[in-house]
Structure formats: C-alpha cells, structure tokens
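One structure below.
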Amino acid sequence: MEDRYNFKAIEKKWQKIWEDEKIYHVEIDDKKEKFYALVEFPYPSGQGLHVGHPRSYTALDVISRKKRMQGYNVLYPMGFDAFGLPAENYAIKTGIHPAISTAENIKNFTRQLKSLGFSFDWDRCIDTSSPEYYKWTQWMFLQLYKHGLAYKDKIAINWCPSCKVGLANEEVVNGHCERCGAEVVHKNKEQWMIAITKYADRLIDDLEELDFIDRVKTQQINWIGRSDGAELDFEFGDDKLTVFTTRPDTAFGVTYMVLAPEHQFVQKYMSRFENQAEIKAYVEETSKKSDLERTANDEKTGVELKGIKAKNPYTGEMIPVFISDYVLTGYGTGAIMAVPAHDSRDYAFAKLFNLPMIQVLEGGDISKEAFEDDGLHINSGFLNGLNKDEGMKKAIEYAVQNGFGRAKVNYKLRDWVFSRQRYWGEPIPMVYCEHCGWQPIDEKDLPLTLPNVQDFLPNDEGESPLSKATDWVNTTCPKCGGKARRETDVMPNWAGSSWYFLRYTDPKNDKEFASKEALKYWMNVDWYNGGMEHTTLHLLYSRFWHKFLYDCGYVPTKEPYNKRTSHGMILASNGEKMSKSRGNVVNPDEIVENYGADTFRLYEMFIGPFDQAAQWSEESLMGVYRFVSKVYALFKKVYRNEDVSMSAADLRAMHKCILDVTERVDQMKFNTAVSSLMTYVNHLSSMEKIPVQMYETLLKLLSPFTPHLSEEMWARLGYSDSVVLASWPIGDKKLAQDDVVTIAVQINGKMRGTIEIEKDSDDEDVKKAALALENVARQTAESGIKKIIVVKNRIVNIVA
RNA sequence: GCGGACGUGGCGAAAUUGGCAGACGCGCCAGACUUAGGAUCUGGUGCCGAAAGGCGUGCGGGUUCAAGUCCCUCCGUCCGCACCA
C-alpha cells in the first residue's frame with residue numbers, strides 16, 4: 001500500500017468508476033421509498049464555479065448519500081439555467097454567439113462539478129436554453145395564455161437603463177436593478193404580464209403546511225403583502241372617488257382626502273380646478289422624481305385640488321381633496337381617505353397644511369402624535385363604544401347597506417412583468433395580426449426556436465435585438481393566415497427555472513414535459529436548498545407556476561417543495577464578499593488540485609454553521625486536510641476482529657459518533673457532525689490496533705463527506721461493492737452511554753470539584769461522595785450546610 | 001422608522017435547551033524526531049495569580065440552589081421591509 005495519501009490518484013480513479021458504472025443513476029422503483037433532493041441549478045457563467053456554489057451542493061450531496069445508504073431511492077439532479085444576460089453581454093463585446101459561449105461554460109461547469117464528486121444523476125442533466133427544454137417552457141406559457149393568466153398590458157414598468165431591459169418588481173432592490181445595481185427608471189411599455197396576483201391568497205395560505213424555514217415564509221408573506229380592509233366610495237363632484245382603507249372604522253375621523261399625482265381624476269377634472277397651474281407644476285415635478293427620491297424623503301408635500309370637494313359618506317361632511325406623492329399610484333386605488341388623528345402619515349400632512357383632526361378612538365395624545373392603536377370609538381355616530389374589530393365590521397356593513405362600499409383585500413404583490421427586450425431567452429410564442437390581434441402559435445409548432453442573429457445590441461427605446469431579424473419576425477397569422485409579426489421580446493430567465501424540478505423527473509420525454517408516472521413517483525421535492533436572494537423571485541414564481549399546472553391537472557401536487565432551507569454565503573478571507581472586481585475569488589479548481597476534492601468538501605461542511613455566512617480560511621482548510629490524511633494513515637493499524645477486541649470505551653466512542661453524525665446531518669449541523677467524526681478519529685488514533693469494525697464504521701459515516709477516500713479505503717478493506725451501496729450504521733443509545741459519570745460538585749453554584757460515580761446512583765450516595773471531597777469539607781466548615789440539590793448524573797449543588 | 005436574527009478565548013466555533021462554559025478545528029507555546037522545506041508525533045493553551053483562589057458568554061439590573069440559555073433596560077452588528085393607506 002502506498003504510504004502517502006495520494007488524493008489525486010484516488011479521486012480520479014473513483015470518479016471514473018462511478019461514471020462508468022453509472023452508480024448514481026436512478027430509475028423509478030416502486031419497491032423503494034423515493035427521496036428527491038434539490039439544489040438550485042447554476043447559471044453557467046464564464047467565471048466558472050466559485051467556492052460558494054459547492055456549499056449548497058455538498059450539503060445536499062451529504063444528505064443524498066446518507067439517504068441512499070439508509071435505503072431510499074434518491075434523485076439528486078443537476079442542470080443549467082442557461083438563458084440570461086451575461087452570455088448576451090459577452091456576445092455584444094466579443095461577437096461570440098451566446099449559444100457557443102454557453103455551451104463552453106456548461107462544459108467547464110460540468111468538469112468542475114464532476115471533479116468534486118457529487119452524486120448527481122448526470123443522465124438527467126438539463127439545459128434550459130436547449131429547444132428540447134424550452135419547447136415546454138413555451139408550451140406552459142401558452143397554457144397560461146389560454147387560461148387568461150398571460151396578458152399584454154401597457155403599464156409603467158421598471159426599466160434598467162444599464163441592462164436596457166424591463167424588470168419585474170421582484171428584480172428591483174431599493175430602486176436599483178437587482179443584477180447590475182443601476183438606478184431603475186419608469187418606462188411605459190407594452191408588456192406580457194402573468195397574473196400571479198390571482199394566486200396571492202393561496203401562495204400565503206399554503207405556506208402553512210410546508211416545512212420552510214421561517215425567514216422564507218415571512219419574507220414571502222410580507223412580499224405578497226395581504227391586507228384586509230374595505231373600498232369606500234366618496235362623492236367627488238358628480239363622480240365617485242374610491243379609496244382603499246384598512247381602517248374603515250375610523251371613517252368618522254376623515255378630514256381630507258389625498259390622490260396620487262398620477263390619479264386619473266387629476267387630468268380628468270383639470271378644467272374644473274381653480275389652481276391649475278399649481279397642480280400641473282406639482283404633477284410635473286413628481287413625474288421627474290425617481291421612486292427612490294420620492295420615498296427617500298418623508299417630508300410631506302402636496303397641493304389642494306381647489307374647486308371640487310369630496311363628501312364623507314358616513315358624515316355627509318364636505319372635505320378638501322389634495323394630491324401628494326406620499327400616496328402611491330400602484331397600491332390600492334391610488335387614493336386615500338386621510339384620518340390624521342390615527343395615521344402618522346396623514347398626521348404629518350395635516351400638521352403641514354393646518355388641517356383639522358377629529359379623534360375617533362379613545363387613547364393616546366393627538367396633540368403630540370397620531371394614535372394608531374386600538375381603542376373605543378368616540379365621535380363616530382353608530383360606532384361609538386365599539387373597539388377596532390367590531391367597528392370595522394359595523395362600518396363595512398353600513399357601507400354595503402348604503403351602497404357606497406364593500407370589504408376588500410389588497411395585495412402589495414403586482415402581476416409579473418414577463419417581457420425582456422433581449423435576445424438570449426425563450427421566444428414568446430405569440431404573433432400579432434392586424435385583424436385578429438395577439439394570437440398564440442399552434443402547440444404543434446413548438447418549439448419556436450431562436451433565430452440565429454449577428455447583432456445582439458438592444459436599443460434605448462427598448463426594442464429587442466430580435467426585432468431586427470425580419471425573416472423571423474414576419475410570419476403569418478395562425479388564425480386568418482394573413483400577415484403577422486412575431487413577438488420580439490423574450491421571457492425572463494425566471495421562466496425556465498419555474499419548472500425545471502419537474503423536468504428532472506423525466507428529462508428526455510418528447511411527448512410531454514414529464515410523464516404522469518414520473519411526476520407521481522418523484523414529486524414532491526423532499527428537500528430544496530437554495531439562496532435567500534431567491535425567496536421572492538424564483539421560489540415564489542415557481543410555487544405559483546406549479547400551482548397553475550396543478551389547477552390544469554398537469555402535476556399531482558399543489559406545492560412543489562416540501563422543505564426549504566438556505567445556506568449562508570462564503571466570504572473571502574478578509575471578510576469581504578468574493579468578487580472578480582475585488583480579486584479575492586477562490587477557485588475550487590485550485591483547492592482540488594492542492595488538497596483534493598474530499599478535503600474541499602469536508603472543509604465546506606466544517607467551515608461554520610451552514611445557514612450563516614462563513615469566512616474562507618486556508619489555515620482551517622489545512623486542518624481538515626490533516627484530518628483526512630490521518631484517516632488514510634489509520635488504515636495501517638486496522639486489524640481483523642479475531643486479532644483485536646473492542647473495549648466498552650471503544651464501543652461507546654463508535655456509537656456516540658454514529659448517533660451524532662446521523663442526527664446532525666439531518667439537522668444540517670454539518671460543522672458539528674464533522675467535529676464528532678474528528679473526536680472519533682482522535683479516539684482511533686490513540687489505539688494501538690483498530691478493530692476493522694471501528695474503521696468500517698468510520699468509512700461509512702465519512703463517505704457522504706469524503707466519498708473518494710471512503711470508497712478507496714473500503715475497497716482496500718476487501719469489499720468489491722461500493723460503499724455507496726453499504727448500509728448506514730445504526731447507533732445504540734445504551735452502548736453510547738458511559739456506566740460511570742462525572743458529576744460536578746458546586747458550593748453555592750460555584751464549581752468546587754468533581755466526583756466519579758456509577759451512573760444513576762442513588763442521590764444519597766452522590767451526596768455522600770460529594771461531601772467527602774476535601775475541598776467541600778474545608779469550604780463548608782464555617783457556614784455549615786443548608787441544603788443539597790442533586791440533579792441525576794449531572795450536578796450536586798451544596799447551599800452553604 | 002417597523003420587523004427579525006445575532007453578540008461566547010488571539011481566531012472559526014460548541015454547549016443534550018436552566019445543570020462542569022469554551023467540544024472540535026486554527027493559531028500559539030514547549031518537547032520529540034528529523035534537523036534548512038508551511039512535514040510528522042507528544043503535551044500544554046479563557047483571563048489574573050507563585051499558589052490558594054478570584055474573574056469570565058456586548059453593558060447594567062432581575063428571577064433561580066444554579067443563567068451563555070429565562071425576564072427588563074441600554075449598546076453594537078447583520079438581514080428583511082421601507083410613505084402599502
């Protein structure tokens with residue numbers, strides 16, 4: 001046997017064997033319980049894998065490998081989210097077609113992923129930019145269209161002037177483009193929209209039965225932003241001005257109203273306002289402001305619409321109407337009833353314009369600030385004496401009876417802006433005919449493939465590069481056969497990823513996106529790990545998408561993922577985010593070259609709590625390398641069971657390790673699982689001769705983390721079958737426990753010594769032993785003993 | 001501003017959920033073997049103290065025989081939402 005731990009030879013050897021024997025390939029097997037583990041598939045960028053990616057991949061690889069050894073039929077797939085802007089930007093710079101650079105990048109990613117020994121079923125690898133795949137993305141878009149959930153609308157969308165592309169609300173972070181960080185502007189554009197808001201309630205309510213980490217649930221709930229309230233109609237001239245409010249019970253306290261400057265009434269009744277110049281100037285001014293400027297400053301501004309007053313339907317009172325940019329056009333009806341006594345924003349505005357306030361709830365001190373809590377109603381006619389909940393019910397009831405209002409639920413969630421003015425994405429399978437309007441192309445003509453273009457430049461007007469491919473654009477109407485033009489925008493990169501987990505179950509199917517049997521057997525995803533940054537993007541989109549397919553009867557379950565967890569980022573050794581521009585990116589290739597994939601994998605699991613950010617440290621990596629080498633070296637001391645025997649302490653160490661690792665992997669406490677393995681190895685190191693059973697157990701427990709080394713040593717023990725096929729050891733709690741325990745002895749809560757005593761000893765015996773300590777006798781000599789507390793097998797506290 | 005998470009040695013971190021704080025690893029110190037390699041092995045390592053002992057989980061208080069863990073005040077860091085009516 002070679003003395004040196006030659007990880008290069010070992011890893012190369014086993015990767016080849018696994019690949020040749022397709023050891024991780026899975027098929028439907030009704031005799032076995034399935035387990036579907038999923039990690040977010042990468043965008044194949046030109047930079048290749050960085051050390052952040054494998055944190056998630058290794059974690060679920062560990063879980064998958066353990067589940068396999070526990071007898072499950074495990075699906076652990078990988079693929080590529082291959083449409084997207086970087087490839088296109090690269091093409092603009094270099095002229096290299098995105099299809100070519102993407103294929104190269106996928107090759108490189110695949111090489112890197114394989115070098116890390118993940119147990120992916122590579123036969124199921126998918127590429128969202130291949131026509132075989134995006135045929136089905138397009139097909140699903142057509143289903144959305146046919147069910148009225150995809151529609152074209154001209155709205156003010158978020159536009160990134162740097163990427164030259166429209167963005168969905170979810171892609172705007174604090175007024176900036178999620179991808180490039182440029183400030184987003186508004187642009188009125190015809191867009192394909194997806195009616196995700198129709199699913200808002202179910203996207204919230206169905207979270208309840210899912211095993212998602214709380215952070216994810218609350219973020220999705222907040223993003224959807226459901227609020228219960230009412231719509232109320234106020235007379236405004238001879239028109240009706242409708243507002244949304246969550247507090248209809250405070251309607252007796254309304255002293256004025258406010259419209260968003262963009263509200264249609266402002267233009268509609270302009271001729272009737274007395275201060276038109278002032279109003280127009282204000283509207284003009286706000287239209288120039290970005291969202292960021294509008295919200296950054298909470299000082300209120302506004303202008304009264306002089307000439308028309310509104311009538312409070314509850315009191316009959318005539319009240320002034322203002323426009324102000326603190327009222328948003330996109331939320332509710334773009335108009336509010338202002339209750340300055342009980343809303344801090346209205347309060348600030350009323351103070352500024354010296355408007356009256358009417359307190360309608362008991363409590364607080366409205367001379368100082370708005371009172372926003374619950375209280376009994378006053379000054380409120382028929383609502384007097386009621387609290388908030390009762391008041392709400394009564395107020396809505398009254399509005400319904402008198403025909404000026406209704407209960408209403410409002411959402412912050414907007415419909416999904418689905419058009420991207422770009423080239424490298426799925427063509428939207430729609431054509432525009434002057435006679436028939438927008439028409440879907442026939443399903444049998446799918447896929448609608450991307451034409452090969454040379455010029456990838458989008459323009460500032462927001463036209464896709466596809467619009468220049470006239471041969472492709474000009475087509476015939478599927479309905480009347482007349483002249484028609486294809487849609488030239490493409491889908492967002494969130495389209496392909498909205499259903500990729502379904503494709504993995506049956507990736508080669510050319511009749512349907514996946515067969516019923518495959519979906520029935522493999523779905524749901526049992527465990528999905530991914531980044532927090534996708535919570536209100538991919539994760540929300542794909543839940544919606546899946547629900548839609550469920551409603552159509554195409555998938556058997558109403559939710560796609562049973563369990564969702566999230567990993568922390570890996571930071572550079574100086575604590576900064578790793579990035580090309582900072583020049584601090586650690587390339588996994590380098591680590592694999594110098595220390596091997598097993599060390600790399602184990603280090604990623606040992607680096608720190610899985611859900612928290614962790615700093616890369618080459619020194620700590622060295623420690624893990626030493627550990628892995630030690631495991632290799634221990635082999636020399638392994639003896640057959642007939643030559644050596646296991647002491648109770650050996651047995652204890654082994655079972656404790658089995659129990660720890662089993663439990664901690666399930667809880668994603670990988671760092672402490674590795675600690676436990678280290679403790680066990682320290683025990684083995686201290687032995688002269690290691691019984692083979694103890695070393696075998698080590699290899700099994702270690703195999704999810706360091707599969708190559710485990711496989712090699714397993715073979716050297718004489719096994720011809722892979723350790724992947726071995727069964728996971730079962731720990732015995734009884735054997736893991738010591739029959740002698742060390743009990744701490746405290747005096748007044750302070751440690752004064754320890755006693756060794758038989759486990760589960762009588763309290764009296766424990767007391768006796770504790771009092772026999774020289775230290776105890778000395779320290780209690782003066783004060784005497786008041787009380788002794790014994791906690792079984794743990795502690796004795798003597799109160800002196 | 002609102003909401004959430006967190007704060008433990010020189011460093012990364014553990015702590016069966018109220019019961020010996022600092023497991024495991026890094027680093028450091030000493031020794032062994034080799035002796036020029038960032039190699040390997042053994043022992044040590046929270047702080048102060050010669051020792052007895054004292055002090056220690058962001059600060060201050062509280063509950064308890066016993067608090068990193070529970071309660072209150074404050075400070076700090078990170079994340080999410082951000083005029084959503």
Side-chain angles (χ1 to χ4, degrees), chain A residues 173-175 214-216 218-219 222-223 225-227 229 243-248 250 257-258 260 291-292 294-300 324-328 330-339 342-346 348-349 410-414 532-533 535-536 568 573 603 606-609 611-624 626-627 629-630 633 659-660 663 669 671-682 685-686 742-755 775 778-779 786-800:
Chain A
V173 179
N174 285 331
D214 283 340
R215 281 194 298 162
V216 168
T218 45
Q219 262 186 52
N222 291 343
W223 184 258
R226 174 161 65 187
S227 36
V243 300
F244 172 73
T245 176
T246 54
R247 297 297 302 272
T250 61
M257 300 184 79
V258 188
D291 275 3
L292 215 59
R294 253 175 97 154
T295 55
N297 183 347
D298 19 280
E299 275 166 47
K300 302 280 182 283
S324 172
D325 64 3
Y326 86 89
V327 174
L328 306 175
Y331 186 76
T333 63
I336 62 151
M337 60 178 218
V339 187
H342 304 288
D343 181 290
S344 58
R345 294 153 304 177
D346 299 343
F349 190 84
N410 227 316
Y411 304 94
K412 232 168 72 180
L413 182 72
R414 310 280 77 183
M532 277 311 288
E533 69 276 16
T535 302
T536 55
S573 44
Y603 175 59
F606 187 61
I607 193 166
D611 58 348
Q612 284 166 42
Q615 264 182 46
W616 187 263
S617 152
E618 190 128 352
E619 282 92 48
S620 295
L621 180 102
M622 278 296 299
V624 172
R626 276 199 280 271
F627 167 79
S629 311
K630 211 189 283 182
L659 289 167
D660 279 354
E663 182 181 293
K669 289 183 176 175
N671 54 333
T672 57
V674 177
S675 298
S676 192
L677 286 161
M678 287 172 167
T679 305
Y680 183 49
V681 165
N682 288 344
S685 298
S686 68
T742 309
I743 292 178
V745 179
Q746 298 182 334
I747 297 174
N748 291 334
K750 287 192 177 140
M751 258 291 284
R752 287 295 126 116
T754 56
I755 50 172
N775 222 357
R778 184 158 47 87
Q779 300 218 17
K786 295 201 185 76
K787 195 175 165 189
I788 301 177
I789 291 145
V790 181
V791 180
K792 237 186 197 11
N793 300 328
R794 289 202 191 288
I795 210 161
V796 182
N797 193 7
I798 299 163
V799 186

Minimum-distance nucleotide (side-chain atoms of [X] versus [options]):
X	options	value
Asp325(A)	A82(B), G25(B), C83(B)	C83(B)
Asp343(A)	C26(B), G19(B), A85(B)	A85(B)
Ile336(A)	C81(B), A85(B), G25(B)	A85(B)
Asn671(A)	A14(B), C24(B), C81(B)	A14(B)
Met678(A)	G25(B), C55(B), A13(B)	G25(B)
Lys630(A)	C41(B), C24(B), C20(B)	C41(B)
Val791(A)	A82(B), G19(B), A14(B)	G19(B)
Arg626(A)	G54(B), G27(B), G19(B)	G27(B)

Is there a Watson-Crick or G-U wobble partner for [N] with both distances under 3.5 Å, and if so, which one is it?
N	value
U34(B)	none
C70(B)	G62(B)
C20(B)	none
C6(B)	G76(B)
C28(B)	G44(B)

[atom1] atoms of [N] and [M], separation to the nearest Å:
N	M	atom1	result
C6(B)	G10(B)	P	23 Å
U77(B)	U45(B)	P	36 Å
G62(B)	U73(B)	C1'	11 Å
G58(B)	A14(B)	P	15 Å
C79(B)	C74(B)	P	23 Å
G31(B)	A21(B)	C1'	30 Å
A23(B)	A36(B)	P	35 Å
G27(B)	C71(B)	C1'	39 Å

Can you check whether [Y]'s main-chain N or O pairs, donor with acceptor, with [X]'s side chain at less than 3.5 Å?
X	Y	answer
Ser676(A)	Thr672(A)	no
Asn410(A)	Ser227(A)	no
Arg752(A)	Gly749(A)	no
Arg247(A)	Val339(A)	no

Quick one: are [X] and [Y] in side-chain contact, heavy atoms under 4.5 Å?
X	Y	value
Gln746(A)	Ile795(A)	yes
Asp346(A)	Met337(A)	no
Met532(A)	Thr535(A)	yes

query: Among Ile788(A), Ile789(A), Ile747(A), whose side-chain contact (heavy atoms from CB on, under 4.5 Å) with Val796(A) holds?
result: Ile788(A)
query: Using the glycosidic torsion, which applies to G62(B): syn (within 90° of 0) or anti (everything else)?
result: anti
statement: Its glycosidic angle compared against 90° from 0, U16(B) adopts the form anti
Just to be sure I understand the rule, does [X] reach a base, reach only the sugar-phosphate, or reach nothing, if contact means heavy atoms closer than 4.0 Å?
X	result
Asn410(A)	nothing
Val799(A)	sugar-phosphate
Val327(A)	base
Ile607(A)	sugar-phosphate
Asn748(A)	nothing
Asn797(A)	base
Phe606(A)	base
Ser324(A)	nothing
Arg226(A)	nothing
Arg294(A)	base

Send over the distance from [X] [atom1] to [N] [atom2], rounded to a whole Å.
X	N	atom1	atom2	answer
Leu677(A)	C24(B)	CG	P	14 Å
Asp214(A)	G80(B)	CG	P	17 Å
Asp611(A)	C78(B)	CG	C1'	13 Å
Leu659(A)	A23(B)	CG	P	22 Å
Arg794(A)	U17(B)	CZ	P	8 Å
Glu299(A)	C83(B)	CD	P	15 Å
Tyr331(A)	A85(B)	OH	P	4 Å
Asp660(A)	A23(B)	CG	P	16 Å

- prompt: Do any of residues 612-620 of chain A sit with a heavy atom less than 4.0 Å from RNA chain B, and if so which?
  reply: Glu619(A)
- prompt: Between Thr245(A) and Ser685(A), which has a closest nucleotide on RNA chain B that is more 5'?
  reply: Ser685(A)
- prompt: Between Gly623(A) and Leu328(A), which is nearer to the 5' end of RNA chain B once each is assigned its nearest nucleotide?
  reply: Gly623(A)
- request: Give the ring-plane orientation class for Phe244(A) versus Tyr331(A), where under 30° counts as parallel, over 60° as perpendicular and anything between as tilted.
  value: perpendicular
message: Which heavy atom of Ser573(A) sits nearest to which heavy atom of Gln615(A), and what is that distance?
response: O-OE1, 3.2 Å
- request: Measure distances between side-chain N and O atoms of Lys300(A) and base N and O atoms of C83(B), and say whether any donor-acceptor pair falls under 3.5 Å.
  value: yes
message: Ring centroids only, cut at 6.0 angstrom: are Trp616(A) and Tyr603(A) within range, meaning strictly under it?
response: yes
